[in-house]
Student: 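Would you mind keeping the following structure in view while I ask a few things?
This chain uses plain numbering: 1 for the first residue, then up along the sequence.
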Amino acid sequence: MKFTRTLLMIYAMCASVCNIQAVDYNWNGSAGDMNFSTPDNWGSGLDATIFNNNNRFYIGNSNGMIYLNDLGAEGSPAALNGLYIGSGGGVNGSLTIQAGANIAITGHEFSIGLGGGTGSLYITGGSLTLDKSTYFSNNNGSLGYGKFSGGTVINNEHFHVGTHQSATLDITGDHVFTSTGAFYLGYGGWTIDATVNQSGGRVIASGDGIKVGRYNDAVQTGTYNLTGGELNVNKFWAAANSLATSKLNISQANAGVATLATIDTLSVRTDLNGGTLSVKNLTSKLNHTSGTFSPGEVGTIGTTTINAGGEYTATIALDYSKNYARGGSASQSSYWDDDSNTFAARFAVDGDLSTRAHTKESPVQW
């Protein structure tokens, strides 16, 4: 009897103290102010405590842009159990996180586009901490899009661009994205085209770095276009998936925004067409046509190790109208060719008869 009574007391105490089950709230926008933190937009008779009890929030049709700019405080983020944007068949939901917001996803997931819906996430300021996985285009038939132009994102879990459908993430401005977990381009078991376009800001990916593809039975394409800003990755790699295609394109799109990529281990095909790239270990093909390749670490005299599967090719585009030997001596026959075109000798030598020597060393020999 005493043992049974003790169990009943423990059960009663846990029922009153340990009940932390999340409540689901669905956006209805009835307050009319498009403010995420207005309780009446989630149901009548609610108060601000719904944002402090680790609940889940679903946005179906937002009928415009919802703004989040006054939840949480510096050092004390508002904890949301889950957040779902564009949740449901045929819906379209949009959310912008602005300066003044400090939120964390702590209990469940963060999905942008799921259940056949379309979701869009914009970050212009504030702070977002992801302690649970994030999914863009979470289900078949869903579409997720993101644009991060300011503020900060800290990813401590799995961050998926293109989970079960194609997705695009644009990073620009002064946004700072830090990942200590895994950053996936293409993840689920369907045909996926996952794209990240970074034209500014800073992306720092430690942990599992940036990874393209996962499942062996799906055609997954992951493309990272870096045209400005800073990309710092411990490893940029592809899953052991024969159907996955990965590509890193680095160029300089805007003279006012430097392009800088620092990668410890590079294992995806890369085209360097501008900016600066530093690599310590190369296990993939790197085609260098312009810009700066810095072995080891930027600003130091370092070493790049080309491992099995690695290949470095530098292609310099020549301007055939220039005299590349000007100021020096040269030996040249009457013409030269590049397998498809024939050029006069004056384009290879500077045209100065006193310094030009031909095959037969005669001043008039052509």
Student: Of all residues at least two apart in sequence or in a different chain, which pass the salt bridge (Lys or Arg N to Asp or Glu O under 4.0 Å) check with Lys247?
Tutor: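 Once residues adjacent in sequence are excluded, the partners of Lys247 under the salt bridge (Lys or Arg N to Asp or Glu O under 4.0 Å) criterion are Asp271.
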Student: Check the side chains of Thr227 and Ser251 for a donor-acceptor pair under 3.5 angstrom, ignoring hydrogens and angles.
Tutor: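 Not at all, the side chains of Ser251 and Thr227 share no donor-acceptor pair under 3.5 Å.
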Student: Taking the six-membered ring for Trp, are Phe57 and Phe51 parallel (under 30°), tilted (30 to 60°) or perpendicular (over 60°)?
Tutor: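 Parallel, since the angle between the ring planes stays under 30°.
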Student: Would you say the ring centers of Tyr122 and Phe148 fall short of 6.0 Å from each other?
Tutor: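 No; Phe148 has its ring centre 6.0 Å or more from that of Tyr122.
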Student: Are Trp27 and Phe36 close enough that their ring centres sit under 6.0 Å apart?
Tutor: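 No, the ring centres sit 6.0 Å or more apart.
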Student: Which heavy-atom pair separates Phe136 from Ala167 by the least distance, and what is that distance?
Tutor: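 It is CB-CB, 3.9 Å.
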Student: Glu230: which residues meet the salt bridge (Lys or Arg N to Asp or Glu O under 4.0 Å) condition with it, sequence neighbours left out?
Tutor: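 Counting only residues at least two positions away or on another chain, Glu230 forms a salt bridge (Lys or Arg N to Asp or Glu O under 4.0 Å) with Arg202.
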Student: Any ring pair (Phe, Tyr, Trp, His ring centres under 6.0 Å) involving residues 79-104? Give me the pairs, sequence neighbours left out, ordered by first then second residue.
Tutor: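 Applying ring pair (Phe, Tyr, Trp, His ring centres under 6.0 Å) to every pair that reaches into residues 79-104, excluding sequence neighbours, yields Tyr58-Tyr84.
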Student: Could you check whether Gln98 and Thr96, counting side-chain N and O atoms only, form a donor-acceptor pair closer than 3.5 Å?
Tutor: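 Looking only at side-chain atoms, Gln98 and Thr96 do not form any donor-acceptor pair under 3.5 Å.
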Student: Should Thr313 and Lys285 count as side-chain neighbours, where that means a heavy-atom distance under 4.5 Å?
Tutor: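 With C-beta onward as the side chain, the pair stays apart.
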Student: Return yes if a side-chain donor-acceptor contact under 3.5 Å exists between Asn232 and Thr262, otherwise no.
Tutor: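 The criterion, which ignores hydrogens and geometry beyond distance, is not satisfied for Thr262 and Asn232.
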Student: Measure the shortest side-chain to side-chain distance between His108 and Lys132 over non-hydrogen atoms and say whether it is less than 4.5 angstrom.
Tutor: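 No. Closest side-chain heavy atoms not under 4.5 Å.
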Student: Using modelled atom types only, decide if a donor and an acceptor are shared between the side chain of Gln252 and the backbone of Thr259 within a distance under 3.5 Å.
Tutor: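 Here the side-chain-to-backbone pair exists.
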Student: Can any side-chain N or O of Ser149 pair as donor or acceptor with the backbone N or O of Thr172 at less than 3.5 Å?
Tutor: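 Judged by distance alone, no pair lies under 3.5 Å.
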Student: If only side-chain N and O atoms count, and only distance matters, is there a donor-acceptor pair under 3.5 Å linking Asn138 with Gln165?
Tutor: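 No, no side-chain donor-acceptor pair sits under 3.5 Å.
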Student: Are the side chain of Thr221 and the backbone N or O of Asp193 linked by a donor-acceptor pair below 3.5 Å?
Tutor: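 Looks like no, no N/O pair under 3.5 Å.
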Student: Sort and list the pairs that fulfil salt bridge (Lys or Arg N to Asp or Glu O under 4.0 Å) and have at least one residue in residues 151-177, not counting sequence neighbours.
Tutor: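 Counting only pairs at least two positions apart or across chains, no salt bridge (Lys or Arg N to Asp or Glu O under 4.0 Å) contact touches residues 151-177.
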Student: Without swapping roles, check the side chain of Thr276 against the backbone of Phe293 for a donor-acceptor pair under 3.5 Å.
Tutor: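 Not at all, since once roles are kept as given, no pair shorter than 3.5 Å links the two residues.
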Student: What I want to check is whether the side chains of Thr304 and Asn281 have a donor and an acceptor closer together than 3.5 Å.
Tutor: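 Their side chains do not contain a donor-acceptor pair, so the 3.5 Å distance test is not met.
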Student: If the condition is salt bridge (Lys or Arg N to Asp or Glu O under 4.0 Å), which residues does Asp264 pass it with, not counting sequence neighbours?
Tutor: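 Scan of Asp264 (salt bridge (Lys or Arg N to Asp or Glu O under 4.0 Å), adjacent residues dropped) gives none.
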Student: Decide yes or no for Phe177 and Ile204: does some side-chain heavy atom of the first lie under 4.5 Å from some side-chain heavy atom of the second?
Tutor: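 In short, these two side chains do not touch, never coming nearer than 4.5 Å.
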Student: Checking side-chain polar atoms at under 3.5 Å, does Asn35 have a donor or acceptor matched by the opposite partner on Asn41?
Tutor: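 Looking only at side-chain atoms, Asn41 and Asn35 do not form any donor-acceptor pair under 3.5 Å.
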Student: With distance as the sole test, does Asn225 use its side chain to make a donor-acceptor pair with the main-chain N or O of Asn249 at under 3.5 Å?
Tutor: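 The answer is no, because no donor-acceptor pair under 3.5 Å joins these two groups.
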Student: With sequence neighbours left out, write down each residue that passes ring-ring contact (aromatic ring centres under 6.0 Å, His included) with His160, or none if nothing qualifies.
Tutor: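 Per chain and number, His160 pairs via ring-ring contact (aromatic ring centres under 6.0 Å, His included) with Tyr135, His158, Tyr184, Tyr187.
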Student: Between the side chain of Asn81 and the main-chain N/O of Asn55, is any donor-acceptor distance below 3.5 Å?
Tutor: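 No, Asn81 side chain to Asn55 backbone: no donor-acceptor pair under 3.5 Å.
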Student: Sub-3.5 Å donor-acceptor pair from the side chain of Thr129 to the main-chain atoms of Ala104, do we have one?
Tutor: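 Not a single qualifying donor-acceptor pair exists.
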Student: Less than 3.5 Å apart, any donor N or O on the side chain of Asp47 or Thr49 sitting next to an acceptor on the other?
Tutor: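 Their side chains do contain a donor-acceptor pair, which is all the 3.5 Å distance test asks for.
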Student: Going by atom types alone, do Asn273 and Ser290 pair a side-chain donor with an acceptor below 3.5 Å?
Tutor: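 There is no such pair (donor and acceptor under 3.5 Å, judged by atom type) between the side chains of Asn273 and Ser290.
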